[in-house]
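Reading through the C-alpha coordinates given below for one structure.
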There are 2 protein chains.
Amino acid sequence: MELAAAKLKFIEAWGKLGSEWGINRTMAQVHALLLISPEALTTEEIMEALSISRGNANMTLRDLIGWGLIEKQHKAGERKEYFFADKDVWNIARQVAKERKKRELEPVLKVLNELSNVTGDEKDPAYKTFKKSLTDINKLAGNVDKTLETMLKAEESWFWGSVLKVFK
Amino acid sequence: MELAAAKLKFIEAWGKLGSEWGINRTMAQVHALLLISPEALTTEEIMEALSISRGNANMTLRDLIGWGLIEKQHKAGERKEYFFADKDVWNIARQVAKERKKRELEPVLKVLNELSNVTGDEKDPAYKTFKKSLTDINKLAGNVDKTLETMLKAEESWFWGSVLKVFK
DNA sequence: ATAAACTTTCAATAATATTTGAAAGTTTAA
DNA sequence: TTAAACTTTCAAATATTATTGAAAGTTTAT
(Lines give C-alpha, C1' and ligand atoms only; values in the text may rest on other atoms or scores of the structure.)
Protein backbone atom coordinates (compact mmCIF):
# COMPACT_ATOMS: atom_id res chain seq x y z
CA MET A 1 0.00 0.00 0.00
CA GLU A 2 1.12 3.52 -0.86
CA LEU A 3 1.94 5.97 1.89
CA ALA A 4 -0.71 8.46 0.77
CA ALA A 5 -3.46 5.85 0.83
CA ALA A 6 -2.24 4.45 4.11
CA LYS A 7 -2.32 7.88 5.71
CA LEU A 8 -5.93 8.41 4.67
CA LYS A 9 -6.89 5.03 5.97
CA PHE A 10 -5.18 5.68 9.27
CA ILE A 11 -6.91 9.02 9.70
CA GLU A 12 -10.24 7.43 8.93
CA ALA A 13 -9.72 4.54 11.34
CA TRP A 14 -8.56 6.84 14.12
CA GLY A 15 -11.55 9.09 13.56
CA LYS A 16 -13.94 6.16 13.73
CA LEU A 17 -12.38 4.82 16.89
CA GLY A 18 -12.61 8.24 18.47
CA SER A 19 -16.26 8.70 17.61
CA GLU A 20 -17.14 5.30 19.03
CA TRP A 21 -15.53 6.28 22.30
CA GLY A 22 -17.18 9.65 22.73
CA ILE A 23 -14.50 11.77 21.08
CA ASN A 24 -15.52 14.04 18.23
CA ARG A 25 -14.58 12.41 14.94
CA THR A 26 -12.96 15.50 13.47
CA MET A 27 -10.90 15.98 16.58
CA ALA A 28 -9.57 12.45 16.35
CA GLN A 29 -8.83 12.93 12.66
CA VAL A 30 -6.91 16.14 13.18
CA HIS A 31 -4.99 14.42 15.91
CA ALA A 32 -4.22 11.49 13.62
CA LEU A 33 -3.05 13.85 10.89
CA LEU A 34 -0.64 15.64 13.20
CA LEU A 35 0.49 12.39 14.75
CA ILE A 36 1.81 11.06 11.47
CA SER A 37 3.13 14.38 10.23
CA PRO A 38 6.88 14.91 10.74
CA GLU A 39 6.51 18.69 10.78
CA ALA A 40 4.08 21.06 12.40
CA LEU A 41 1.18 22.11 10.18
CA THR A 42 -0.76 25.35 9.79
CA THR A 43 -4.51 25.70 10.17
CA GLU A 44 -4.64 26.20 6.42
CA GLU A 45 -2.87 22.92 5.73
CA ILE A 46 -5.10 21.03 8.13
CA MET A 47 -8.24 22.49 6.57
CA GLU A 48 -6.96 21.45 3.18
CA ALA A 49 -5.89 17.95 4.17
CA LEU A 50 -9.17 17.07 5.86
CA SER A 51 -11.57 19.28 3.87
CA ILE A 52 -12.91 21.07 6.90
CA SER A 53 -13.83 24.70 7.41
CA ARG A 54 -11.71 27.31 9.10
CA GLY A 55 -14.07 27.57 12.05
CA ASN A 56 -14.12 23.85 12.59
CA ALA A 57 -10.35 23.61 12.33
CA ASN A 58 -9.87 26.42 14.79
CA MET A 59 -12.23 25.00 17.40
CA THR A 60 -10.90 21.50 17.01
CA LEU A 61 -7.31 22.65 17.39
CA ARG A 62 -8.27 24.59 20.48
CA ASP A 63 -9.93 21.49 21.95
CA LEU A 64 -6.92 19.34 21.20
CA ILE A 65 -4.71 21.84 22.99
CA GLY A 66 -7.15 21.68 25.91
CA TRP A 67 -6.71 17.92 25.98
CA GLY A 68 -2.95 18.39 26.06
CA LEU A 69 -2.53 16.39 22.87
CA ILE A 70 -1.09 19.06 20.59
CA GLU A 71 0.85 22.30 20.93
CA LYS A 72 1.29 25.53 19.07
CA GLN A 73 4.61 26.35 17.51
CA HIS A 74 5.85 29.63 16.15
CA LYS A 75 8.38 29.83 13.40
CA ALA A 76 10.84 32.71 13.40
CA GLY A 77 9.75 35.53 11.12
CA GLU A 78 6.30 34.07 10.45
CA ARG A 79 2.92 35.23 11.59
CA LYS A 80 1.22 31.87 11.13
CA GLU A 81 0.72 29.42 13.96
CA TYR A 82 1.90 25.88 13.47
CA PHE A 83 0.54 22.89 15.32
CA PHE A 84 2.23 19.64 16.20
CA ALA A 85 1.28 16.55 18.18
CA ASP A 86 3.18 14.81 20.91
CA LYS A 87 4.36 11.67 19.15
CA ASP A 88 4.81 9.60 22.29
CA VAL A 89 1.90 7.20 22.28
CA TRP A 90 2.24 6.46 25.98
CA ASN A 91 1.97 10.15 26.76
CA ILE A 92 -1.12 10.32 24.57
CA ALA A 93 -2.74 7.42 26.38
CA ARG A 94 -1.96 8.97 29.74
CA GLN A 95 -3.21 12.36 28.68
CA VAL A 96 -6.51 10.96 27.44
CA ALA A 97 -6.92 8.85 30.58
CA LYS A 98 -6.21 11.88 32.73
CA GLU A 99 -8.69 14.14 30.99
CA ARG A 100 -11.52 11.64 30.84
CA LYS A 101 -10.97 10.68 34.44
CA LYS A 102 -11.23 14.32 35.42
CA ARG A 103 -14.08 15.29 33.12
CA GLU A 104 -16.30 12.24 33.31
CA LEU A 105 -15.30 9.68 35.88
CA GLU A 106 -14.81 11.98 38.82
CA PRO A 107 -18.21 13.71 38.57
CA VAL A 108 -19.89 10.31 38.57
CA LEU A 109 -17.83 9.11 41.51
CA LYS A 110 -18.90 12.21 43.34
CA VAL A 111 -22.58 11.45 42.74
CA LEU A 112 -22.12 7.81 43.73
CA ASN A 113 -20.56 8.99 46.92
CA GLU A 114 -23.45 11.30 47.72
CA LEU A 115 -25.85 8.48 47.04
CA SER A 116 -24.16 6.19 49.52
CA ASN A 117 -25.80 8.01 52.42
CA VAL A 118 -29.30 7.19 51.21
CA THR A 119 -31.73 6.44 54.01
CA GLY A 120 -34.16 3.55 54.07
CA ASP A 121 -35.47 0.42 55.66
CA GLU A 122 -32.91 -2.37 55.95
CA LYS A 123 -35.73 -4.87 55.46
CA ASP A 124 -36.78 -3.37 52.14
CA PRO A 125 -35.43 -5.43 49.23
CA ALA A 126 -35.42 -2.35 47.00
CA TYR A 127 -33.24 -0.57 49.53
CA LYS A 128 -30.93 -3.50 50.00
CA THR A 129 -30.46 -4.04 46.26
CA PHE A 130 -29.77 -0.37 45.73
CA LYS A 131 -27.20 -0.25 48.52
CA LYS A 132 -25.49 -3.39 47.29
CA SER A 133 -25.15 -2.10 43.75
CA LEU A 134 -23.75 1.18 44.96
CA THR A 135 -21.23 -0.51 47.21
CA ASP A 136 -20.07 -2.86 44.48
CA ILE A 137 -19.75 -0.12 41.90
CA ASN A 138 -17.83 2.03 44.33
CA LYS A 139 -15.43 -0.79 45.04
CA LEU A 140 -14.77 -1.42 41.36
CA ALA A 141 -14.50 2.29 40.61
CA GLY A 142 -12.00 2.66 43.45
CA ASN A 143 -9.79 0.00 41.89
CA VAL A 144 -10.03 1.53 38.46
CA ASP A 145 -9.20 4.88 39.92
CA LYS A 146 -6.12 3.61 41.74
CA THR A 147 -4.87 1.86 38.63
CA LEU A 148 -5.34 4.97 36.53
CA GLU A 149 -3.51 7.03 39.11
CA THR A 150 -0.60 4.64 38.93
CA MET A 151 -0.67 4.72 35.17
CA LEU A 152 -0.60 8.50 35.13
CA LYS A 153 2.57 8.58 37.17
CA ALA A 154 4.28 5.60 35.59
CA GLU A 155 6.74 5.05 32.83
CA GLU A 156 5.35 2.90 30.07
CA SER A 157 7.80 0.06 30.36
CA TRP A 158 7.44 -0.14 34.11
CA PHE A 159 3.67 -0.06 33.97
CA TRP A 160 3.23 -2.78 31.38
CA GLY A 161 6.07 -4.75 32.82
CA SER A 162 4.30 -4.81 36.15
CA VAL A 163 0.87 -5.52 34.78
CA LEU A 164 1.84 -8.16 32.26
CA LYS A 165 4.31 -9.93 34.54
CA VAL A 166 1.52 -11.18 36.77
CA PHE A 167 -0.55 -12.37 33.84
CA LYS A 168 1.65 -14.89 32.18
CA MET B 1 -31.62 11.27 50.91
CA GLU B 2 -34.76 9.27 50.21
CA LEU B 3 -34.52 6.02 48.27
CA ALA B 4 -36.82 7.23 45.49
CA ALA B 5 -34.76 10.37 44.90
CA ALA B 6 -31.52 8.42 45.12
CA LYS B 7 -32.72 5.94 42.50
CA LEU B 8 -33.54 8.73 40.06
CA LYS B 9 -30.18 10.34 40.64
CA PHE B 10 -28.39 7.06 40.09
CA ILE B 11 -30.25 6.39 36.85
CA GLU B 12 -29.44 9.87 35.64
CA ALA B 13 -25.75 9.59 36.54
CA TRP B 14 -25.42 6.16 34.94
CA GLY B 15 -27.10 7.45 31.80
CA LYS B 16 -24.78 10.41 31.60
CA LEU B 17 -21.70 8.26 32.07
CA GLY B 18 -22.90 5.92 29.37
CA SER B 19 -23.52 8.68 26.85
CA GLU B 20 -20.08 10.14 27.47
CA TRP B 21 -18.55 6.78 26.65
CA GLY B 22 -20.44 6.10 23.47
CA ILE B 23 -23.32 4.12 24.96
CA ASN B 24 -26.85 5.25 24.22
CA ARG B 25 -28.16 7.18 27.22
CA THR B 26 -31.49 5.37 27.35
CA MET B 27 -29.74 2.03 27.23
CA ALA B 28 -27.59 2.95 30.20
CA GLN B 29 -30.65 4.21 32.08
CA VAL B 30 -32.64 1.06 31.50
CA HIS B 31 -29.64 -0.91 32.64
CA ALA B 32 -29.35 1.23 35.76
CA LEU B 33 -33.02 0.76 36.51
CA LEU B 34 -32.80 -3.01 36.29
CA LEU B 35 -29.53 -3.05 38.18
CA ILE B 36 -31.10 -1.54 41.28
CA SER B 37 -34.38 -3.38 40.99
CA PRO B 38 -34.69 -6.49 43.19
CA GLU B 39 -37.22 -8.08 40.86
CA ALA B 40 -37.49 -8.43 37.13
CA LEU B 41 -39.58 -5.74 35.43
CA THR B 42 -41.93 -5.76 32.46
CA THR B 43 -41.58 -3.56 29.38
CA GLU B 44 -44.61 -1.68 30.65
CA GLU B 45 -42.99 -0.92 33.99
CA ILE B 46 -39.78 0.22 32.36
CA MET B 47 -41.65 2.52 29.97
CA GLU B 48 -43.48 3.98 32.93
CA ALA B 49 -40.44 4.39 35.16
CA LEU B 50 -38.34 6.14 32.53
CA SER B 51 -41.10 7.79 30.47
CA ILE B 52 -40.04 6.22 27.22
CA SER B 53 -42.09 4.82 24.37
CA ARG B 54 -42.86 1.19 23.76
CA GLY B 55 -40.70 1.07 20.65
CA ASN B 56 -37.77 2.60 22.40
CA ALA B 57 -38.12 0.27 25.37
CA ASN B 58 -38.32 -2.75 23.12
CA MET B 59 -35.25 -1.87 21.07
CA THR B 60 -33.23 -0.89 24.09
CA LEU B 61 -34.05 -4.11 25.89
CA ARG B 62 -33.07 -6.07 22.81
CA ASP B 63 -29.75 -4.23 22.65
CA LEU B 64 -29.07 -4.84 26.30
CA ILE B 65 -29.68 -8.54 25.80
CA GLY B 66 -27.27 -8.37 22.85
CA TRP B 67 -24.67 -6.90 25.15
CA GLY B 68 -25.25 -9.73 27.60
CA LEU B 69 -26.19 -7.32 30.35
CA ILE B 70 -29.79 -8.37 30.94
CA GLU B 71 -31.94 -11.44 30.44
CA LYS B 72 -35.56 -12.31 29.83
CA GLN B 73 -37.51 -14.12 32.46
CA HIS B 74 -40.86 -15.82 32.17
CA LYS B 75 -43.20 -16.14 35.10
CA ALA B 76 -45.39 -19.21 35.34
CA GLY B 77 -48.88 -18.58 34.03
CA GLU B 78 -48.04 -15.16 32.59
CA ARG B 79 -47.76 -14.01 29.02
CA LYS B 80 -45.63 -11.00 29.79
CA GLU B 81 -41.87 -11.04 29.55
CA TYR B 82 -39.86 -9.85 32.50
CA PHE B 83 -36.35 -8.47 32.32
CA PHE B 84 -33.62 -8.55 34.91
CA ALA B 85 -29.99 -7.47 35.03
CA ASP B 86 -26.98 -9.40 36.15
CA LYS B 87 -26.17 -7.74 39.47
CA ASP B 88 -22.51 -8.75 39.56
CA VAL B 89 -20.63 -5.57 38.77
CA TRP B 90 -17.49 -7.44 37.81
CA ASN B 91 -19.45 -9.47 35.27
CA ILE B 92 -20.89 -6.26 33.91
CA ALA B 93 -17.46 -4.71 33.50
CA ARG B 94 -16.16 -7.81 31.78
CA GLN B 95 -19.15 -8.04 29.51
CA VAL B 96 -18.83 -4.42 28.43
CA ALA B 97 -15.08 -4.80 27.92
CA LYS B 98 -15.65 -7.92 25.87
CA GLU B 99 -18.26 -6.39 23.60
CA ARG B 100 -16.44 -3.15 22.96
CA LYS B 101 -13.22 -5.00 22.32
CA LYS B 102 -14.98 -7.13 19.76
CA ARG B 103 -17.08 -4.40 18.16
CA GLU B 104 -14.68 -1.50 18.11
CA LEU B 105 -11.15 -2.31 19.12
CA GLU B 106 -10.62 -5.37 16.96
CA PRO B 107 -11.70 -3.74 13.67
CA VAL B 108 -9.23 -0.93 14.32
CA LEU B 109 -6.46 -3.35 15.17
CA LYS B 110 -7.16 -5.12 11.92
CA VAL B 111 -6.77 -1.89 9.97
CA LEU B 112 -3.59 -0.97 11.84
CA ASN B 113 -2.22 -4.33 10.95
CA GLU B 114 -3.00 -3.93 7.26
CA LEU B 115 -1.35 -0.54 7.35
CA SER B 116 1.87 -1.91 8.72
CA ASN B 117 2.87 -3.22 5.30
CA VAL B 118 2.81 0.23 3.77
CA THR B 119 5.55 0.76 1.23
CA GLY B 120 7.79 3.80 1.01
CA ASP B 121 11.19 5.35 1.07
CA GLU B 122 13.11 4.79 4.30
CA LYS B 123 14.74 8.18 3.85
CA ASP B 124 11.38 9.99 3.68
CA PRO B 125 10.57 11.64 7.03
CA ALA B 126 6.85 11.34 6.32
CA TYR B 127 7.26 7.61 5.83
CA LYS B 128 9.44 7.19 8.89
CA THR B 129 7.06 9.15 11.13
CA PHE B 130 4.10 7.18 9.87
CA LYS B 131 5.82 3.85 10.45
CA LYS B 132 6.95 4.86 13.90
CA SER B 133 3.48 5.92 14.99
CA LEU B 134 1.98 2.71 13.71
CA THR B 135 4.54 0.58 15.46
CA ASP B 136 4.11 2.39 18.75
CA ILE B 137 0.33 2.25 18.61
CA ASN B 138 0.45 -1.43 17.79
CA LYS B 139 2.70 -2.10 20.73
CA LEU B 140 0.43 -0.26 23.14
CA ALA B 141 -2.67 -1.86 21.66
CA GLY B 142 -1.10 -5.26 22.05
CA ASN B 143 -0.57 -4.66 25.74
CA VAL B 144 -4.09 -3.38 26.24
CA ASP B 145 -5.40 -6.39 24.39
CA LYS B 146 -3.46 -8.85 26.51
CA THR B 147 -4.60 -7.17 29.69
CA LEU B 148 -8.23 -7.22 28.59
CA GLU B 149 -7.94 -10.88 27.68
CA THR B 150 -6.66 -11.62 31.14
CA MET B 151 -9.43 -9.58 32.67
CA LEU B 152 -12.06 -11.45 30.69
CA LYS B 153 -10.91 -14.76 32.05
CA ALA B 154 -10.14 -13.64 35.58
CA GLU B 155 -11.96 -13.57 38.84
CA GLU B 156 -12.37 -10.09 40.21
CA SER B 157 -10.40 -10.55 43.38
CA TRP B 158 -7.53 -12.25 41.58
CA PHE B 159 -7.38 -9.60 38.90
CA TRP B 160 -7.35 -6.59 41.17
CA GLY B 161 -5.18 -8.38 43.69
CA SER B 162 -2.59 -8.92 41.00
CA VAL B 163 -2.81 -5.46 39.53
CA LEU B 164 -2.91 -3.52 42.75
CA LYS B 165 -0.26 -5.57 44.47
CA VAL B 166 2.44 -4.20 42.21
CA PHE B 167 1.18 -0.67 42.62
CA LYS B 168 1.29 -0.20 46.34
C1' DA C 1 -2.76 55.36 11.86
C1' DT C 2 -3.49 51.87 8.41
C1' DA C 3 -3.64 47.75 6.19
C1' DA C 4 -2.39 43.15 5.56
C1' DA C 5 -2.10 38.70 7.74
C1' DC C 6 -3.86 35.97 10.53
C1' DT C 7 -7.29 34.04 14.36
C1' DT C 8 -11.68 33.70 16.67
C1' DT C 9 -16.59 33.78 17.15
C1' DC C 10 -21.23 32.31 16.55
C1' DA C 11 -25.83 32.23 14.29
C1' DA C 12 -27.43 29.51 10.71
C1' DT C 13 -27.28 25.08 8.57
C1' DA C 14 -26.40 20.35 7.99
C1' DA C 15 -25.58 15.80 9.56
C1' DT C 16 -26.41 12.21 12.89
C1' DA C 17 -28.62 9.82 16.42
C1' DT C 18 -32.58 8.89 19.08
C1' DT C 19 -37.42 8.44 19.94
C1' DT C 20 -42.13 7.98 18.94
C1' DG C 21 -46.40 5.62 18.02
C1' DA C 22 -49.37 3.31 15.31
C1' DA C 23 -49.65 -0.69 12.49
C1' DA C 24 -48.24 -5.28 11.75
C1' DG C 25 -46.86 -9.49 13.72
C1' DT C 26 -47.03 -13.28 17.07
C1' DT C 27 -48.60 -16.29 20.66
C1' DT C 28 -51.94 -18.24 23.73
C1' DA C 29 -56.39 -19.63 25.51
C1' DA C 30 -60.98 -20.74 24.94
C1' DT D 1 -61.30 -19.75 14.61
C1' DT D 2 -61.19 -15.73 16.98
C1' DA D 3 -59.83 -12.34 19.90
C1' DA D 4 -57.19 -10.68 23.52
C1' DA D 5 -52.56 -10.04 25.17
C1' DC D 6 -48.49 -9.12 24.18
C1' DT D 7 -44.11 -7.98 21.09
C1' DT D 8 -41.81 -6.11 17.13
C1' DT D 9 -41.06 -3.04 13.33
C1' DC D 10 -39.96 1.12 11.03
C1' DA D 11 -41.10 5.59 8.66
C1' DA D 12 -41.62 9.97 10.38
C1' DA D 13 -40.69 13.36 13.91
C1' DT D 14 -37.57 15.22 17.33
C1' DA D 15 -33.51 16.12 19.58
C1' DT D 16 -28.65 16.37 19.66
C1' DT D 17 -24.28 17.33 17.90
C1' DA D 18 -21.07 18.97 14.43
C1' DT D 19 -19.91 22.15 10.71
C1' DT D 20 -19.86 26.14 7.94
C1' DG D 21 -18.53 30.68 6.58
C1' DA D 22 -18.71 35.34 6.83
C1' DA D 23 -18.02 38.98 9.99
C1' DA D 24 -15.58 40.63 13.88
C1' DG D 25 -11.42 40.63 16.37
C1' DT D 26 -6.39 40.73 16.93
C1' DT D 27 -1.59 41.36 15.97
C1' DT D 28 2.30 43.03 13.47
C1' DA D 29 4.89 45.77 10.18
C1' DT D 30 5.38 49.95 8.01
Side-chain angles (χ1 to χ4, degrees), chain A residues 11-12 14-34 40-67 69-84 100 103-104, chain B residues 11-12 14-34 40-67 69-84 100 103-104:
Chain A
I11 290 167
E12 195 190 340
W14 208 238
K16 185 150 166 274
L17 185 65
S19 73
E20 284 163 342
W21 287 84
I23 286 159
N24 179 306
R25 206 182 87 256
T26 302
M27 188 168 143
Q29 287 183 338
V30 171
H31 182 239
L33 176 66
L34 291 174
L41 302 178
T42 62
T43 301
E44 210 74 36
E45 290 169 320
I46 292 164
M47 287 165 57
E48 162 79 11
L50 301 178
S51 307
I52 61 174
S53 71
R54 184 171 302 286
N56 195 5
N58 182 267
M59 281 183 157
T60 299
L61 288 167
R62 198 131 51 74
D63 283 353
L64 280 169
I65 290 173
W67 277 72
L69 294 175
I70 68 171
E71 286 177 43
K72 281 186 187 175
Q73 191 174 68
H74 287 281
K75 296 204 177 176
E78 290 209 49
R79 291 279 306 275
K80 279 196 289 271
E81 293 179 326
Y82 286 77
F83 299 90
F84 72 98
R100 299 206 73 159
R103 295 177 193 207
E104 291 139 25
Chain B
I11 290 167
E12 195 189 342
W14 208 239
K16 184 150 165 271
L17 185 65
S19 71
E20 284 163 342
W21 288 84
I23 286 159
N24 180 307
R25 205 182 88 256
T26 302
M27 189 169 142
Q29 287 183 338
V30 170
H31 182 239
L33 176 65
L34 291 174
L41 303 179
T42 62
T43 301
E44 210 73 36
E45 289 168 320
I46 292 164
M47 287 165 57
E48 160 79 12
L50 302 178
S51 307
I52 62 174
S53 72
R54 184 172 302 285
N56 194 5
N58 182 266
M59 282 186 156
T60 299
L61 288 167
R62 198 133 51 76
D63 284 353
L64 280 169
I65 290 172
W67 277 72
L69 293 175
I70 68 172
E71 287 176 44
K72 281 186 188 176
Q73 191 174 67
H74 287 281
K75 296 205 177 175
E78 290 210 49
R79 292 277 309 272
K80 279 196 287 269
E81 294 178 326
Y82 286 77
F83 299 89
F84 72 99
R100 300 208 72 161
R103 295 179 193 205
E104 290 140 26

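Proteins get letters first, then strands, A, B, ... in listed order; numbering begins at 1 in each.
Looking at residues two or more places apart in sequence or on another chain, you find no side chain to side chain donor-acceptor pair (under 3.5 Å) involving A:T26. Judged as a side chain to side chain donor-acceptor pair (under 3.5 Å), and not counting sequence neighbours, the contacts of B:E45 are B:T42.
Protein atom CG of B:L64 is 16 Å distant from nucleotide atom C1' of D:dT8, rounded to whole Å. Whole-Å rounding puts the A:M47 CE to C:dT7 C1' distance at 12 Å. Put simply, CD on A:Q29 is 13 Å from C1' on D:dT19, counting in whole angstrom units. Remark: C1' of D:dT20 and CG of A:L50 are 15 Å apart, rounded to the nearest angstrom. C:dA17 atom P lies 18 Å from atom CD of B:E20, rounded to whole Å. Straight-line distance from the CG atom of B:N58 to the C1' atom of C:dA22: 14 Å, rounded to whole Å. Remark: P of C:dT7 and CG of A:L41 are 13 Å apart, rounded to the nearest angstrom. Atom CD in B:E78 sits roughly 19 Å away from atom P in C:dT27 (whole-Å rounding).
At a threshold of 4.0 angstrom between heavy atoms, the contacts of A:E81 are confined to the sugar-phosphate backbone, with no base atom among them.
Each salt bridge (charged side-chain N to carboxylate O under 4.0 Å, His left out) pair with one or both residues in residues 47-60 of chain A, not counting sequence neighbours, appears once here: A:E44-A:R54. Under the salt bridge (charged side-chain N to carboxylate O under 4.0 Å, His left out) criterion, no residue pair touches residues 21-30 of chain B, with sequence neighbours excluded.
Nearest heavy-atom pair, A:Q73 versus A:A40, reported as atom, atom and distance to 0.1 Å: OE1-CB, 3.2 Å. What you find for B:T43 and B:F83 is that their closest heavy atoms are OG1-CE1, 3.5 Å. For the residue pair A:D63 and A:M27, the shortest heavy atom distance occurs at CB-SD, 3.8 Å.
A cation-pi arrangement is absent between A:K72 and A:Y82 under the rule of less than 6.0 angstrom and at most 45 degrees off the ring axis.
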So which protein nitrogen or oxygen atoms get under 3.5 Å of nucleotides 19-21 of chain C's nitrogens or oxygens?
| unit_1 | atom_1 | unit_2 | atom_2 | d |
| --- | --- | --- | --- | --- |
| C:dT19 | OP1 | B:T26 | OG1 | 2.4 |
| C:dT19 | OP2 | B:T26 | OG1 | 2.9 |
| C:dT19 | O5' | B:N56 | ND2 | 3.4 |
| C:dT20 | OP2 | B:S53 | N | 2.7 |
| C:dT20 | OP2 | B:S53 | OG | 3.0 |
| C:dT20 | OP2 | B:N56 | ND2 | 3.2 |

For nucleotides 25-30 of chain D, 5' to 3', base contacts (B), sugar-phosphate-only contacts (S) and non-contacts (-) with protein non-hydrogen atoms under 4.0 Å give --BS--
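Counting only distance, with no hydrogens or angles, the side chain of B:T60 and the backbone of B:A57 share no donor-acceptor pair below 3.5 Å.
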